[in-house]
Protein chains: 2
Amino acid sequence: MSRRGETFQAQVLAVLSSRDGPLSAYDLLGELRESNPKIAPPTIYRALAALRERGRVHRLESLNAFIACQCENHQHASILSICDDCGAVEESVAPDLLEKLATVIGKSGFAPLRHVIEVHGVCAECGAGQAPA
Amino acid sequence: MSRRGETFQAQVLAVLSSRDGPLSAYDLLGELRESNPKIAPPTIYRALAALRERGRVHRLESLNAFIACQCENHQHASILSICDDCGAVEESVAPDLLEKLATVIGKSGFAPLRHVIEVHGVCAECGAGQAPA
DNA sequence: TTGCAAGATGTTATGTTATAACATAATGGA
DNA sequence: TCCATTATGTTATAACATAACATCTTGCAA
C-alpha cells in the first residue's frame, strides 16, 4: 500500500477549500490541469472518492458537485443548506434530527446507513437584499 | 394552451407506478419506445418535469432516477428510504421533522424552499434475510 | 375562413457527469 | 531480486441531461 495519491488528494482538497461554493468534478479537473495538464477524469473521481471516505469532502447529490467539509470532526452525517441565489453552501450537524429521522423511517423496519439531506433555499445575505414582495 | 402532453405524461406515470423501485430517464425511454419508437430524451424529461411540478413524481437525486409519488396528497416534502440491497424505495412524510430541520438551518437565517431527504440503507425484508454478522 | 399569436411538441445535436477496462508503475515483503 | 499487491495513468465509452431550433396545434379575432 502506498501514499502516492495523498499529494494529489491534498491538491483537490485545497482547491475545494478555497471556495465557499461547490465545484463539479470537471471544474476541479480544469483547475488542476493548470498545474498538471495530463490528469484525466478517473484521477479526479478517485481522489474525490478517497476524500469522501475520510469525510473531508461531501458530494452535493442535487447538484452533482463537491464541497470541502467545513466541520472539525469529519465523521458525521451533515445537513447541507444550498443558497440557490449565490451558490453558497453551509453545513450543519444535528444528531437529534438524525435520531428523529431514524425513528420515522425505522417504523417500517428500515435500517439507515447513509443520509442525504440537502435543503435548497435562500441564505440570510441574499434574502436580506431582496425586496419582500 | 393545450393538453396534448397529458396522455404521454399519463403513460410515463403508469410505467413508474407499476414498479416499486426507481427508473432512470433512459429506462423510461426504453420502455416507452416499445409503444412509440420515435420519442427522444427531451420528451421524457419534459414529461417528468411536468409530473414533478404536480408532485406526482419524485426525483431521487442520489440515484439520478425517478419514482411515482406513493402518497395521497402530492404536495409535500417527502423522505425517501432507499434499500441499497433490493432497490425498493419507500416514502415517508413527517411535517414535524421538517419543522425541526427548518429550525436547525434557520439559525443562520437560511430560508428553505426545497428539501432533498434521501436515506440509504437496508429495508426490513432484506435486513431480516441477512446473517447478523 | 383564414391568418396569426402563443405555446406545446418533435428533432438534432451536443454538453455534462461518471466509470469500465486495461496498461503501467511503485511499493514492500519473502 | 523477484513477486504480489495496490495505486495510478490512459483510452474509450456509458449514462444523464439540455440547448437550440423546426414544426405542429390550438384558439381566437378579423
Side-chain angles (χ1 to χ4, degrees), chain A residues 1-13 15-16 19 21-54 56-67 82 84 87 89 114 116 118 120, chain B residues 1-13 15-16 19 21-54 56-67 82 84 87 89 114 116 118 120:
Chain A
M1 205 163 335
S2 95
R3 289 184 183 83
R4 277 176 290 163
E6 294 188 359
T7 308
F8 185 67
Q9 289 171 31
Q11 286 178 258
V12 171
L13 187 57
V15 172
L16 282 175
R19 314 297 179 97
L23 290 174
S24 77
Y26 281 75
D27 291 339
L28 280 165
L29 190 58
E31 296 273 345
L32 291 160
R33 272 183 171 156
E34 288 176 10
S35 57
N36 179 352
K38 302 180 69 176
I39 57 182
T43 305
I44 298 286
Y45 282 102
R46 287 197 274 236
L48 287 169
L51 288 164
R52 288 175 70 196
E53 273 188 17
R54 293 194 276 123
R56 308 300 303 260
V57 163
H58 301 299
R59 176 187 163 82
L60 290 142
E61 302 287 350
S62 58
L63 295 177
N64 295 336
F66 301 86
I67 194 160
I82 302 158
D84 292 332
V89 175
R114 184 169 76 92
V116 176
E118 299 175 11
H120 287 256
Chain B
M1 205 160 338
S2 95
R3 290 186 183 82
R4 278 177 289 162
E6 292 187 1
T7 307
F8 184 66
Q9 289 170 30
Q11 286 179 257
V12 170
L13 187 57
V15 173
L16 282 174
R19 314 297 179 99
L23 289 174
S24 76
Y26 279 73
D27 290 338
L28 281 165
L29 190 58
E31 295 273 344
L32 292 160
R33 272 183 171 157
E34 289 177 11
S35 57
N36 180 352
K38 302 181 69 174
I39 57 183
T43 305
I44 299 286
Y45 282 102
R46 287 196 274 236
L48 287 170
L51 288 164
R52 289 174 69 195
E53 274 188 16
R54 293 193 276 123
R56 307 301 303 261
V57 163
H58 301 299
R59 177 186 162 82
L60 290 141
E61 302 287 350
S62 59
L63 294 178
N64 295 337
F66 302 85
I67 194 160
I82 303 158
D84 292 332
V89 175
R114 182 169 75 93
V116 175
E118 298 175 10
H120 288 256

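Quantities reported herein were computed from a predicted structural model and do not represent experimental measurements. Order of the sequence lines sets the chain letters (A, B, ...), proteins ahead of strands, with each chain counted from 1.
- Between B:R46 atom CZ and C:dT11 atom P there is a gap of 11 Å when expressed in whole angstrom units.
- Counting to the nearest Å, the P atom of D:dC16 and the CZ atom of B:F66 are 10 Å from each other.
- A:R52 has its CZ atom 12 Å from the C1' atom of C:dA18, to the nearest Å.
- Scanning for salt bridge (charged side-chain N to carboxylate O under 4.0 Å, His left out) contacts around A:R19 gives A:E31, with sequence neighbours left out.
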Identify each donor-acceptor pair in which a side-chain atom of residues 44-52 of chain A lies under 3.5 Å from a protein atom, sequence neighbours left out, and give them as a table.
none

Step by step, work out the side chain to side chain donor-acceptor pair (under 3.5 Å) result for A:Q9 and A:R56.
CA-CA 10 Å; A:Q9 289 171 31; A:R56 308 300 303 260; over 6 Å; no
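- Rounded to whole Å, the distance from CG on A:N64 to C1' on D:dA14 is 15 Å.
- What separates CG of B:L63 from P of C:dA18 is a distance of 13 Å, to the nearest Å.
- Not a single side-chain hydrogen bond (donor to acceptor under 3.5 Å, both in side chains) links B:Q11 to another residue, sequence neighbours left out.
- Legend: residues meeting salt bridge (charged side-chain N to carboxylate O under 4.0 Å, His left out) with B:R114, ordered by chain and number and at least two apart, are B:E61.
- The shortest distance between the side-chain N/O atoms of A:Y45 and the OP1/OP2 oxygens of C:dA18 is below 4.0 Å.
- One atom, CG of B:L48, and another, P of D:dC16, lie 13 Å apart when rounded to the nearest Å.
- The side-chain hydrogen bond (donor to acceptor under 3.5 Å, both in side chains) search around A:R33 returns none, not counting sequence neighbours.
- Contacts between residues 22-44 of chain A and DNA chain C, counted as heavy-atom distances below 4.0 Å, involve A:S24, A:Y26, A:P41, A:P42.
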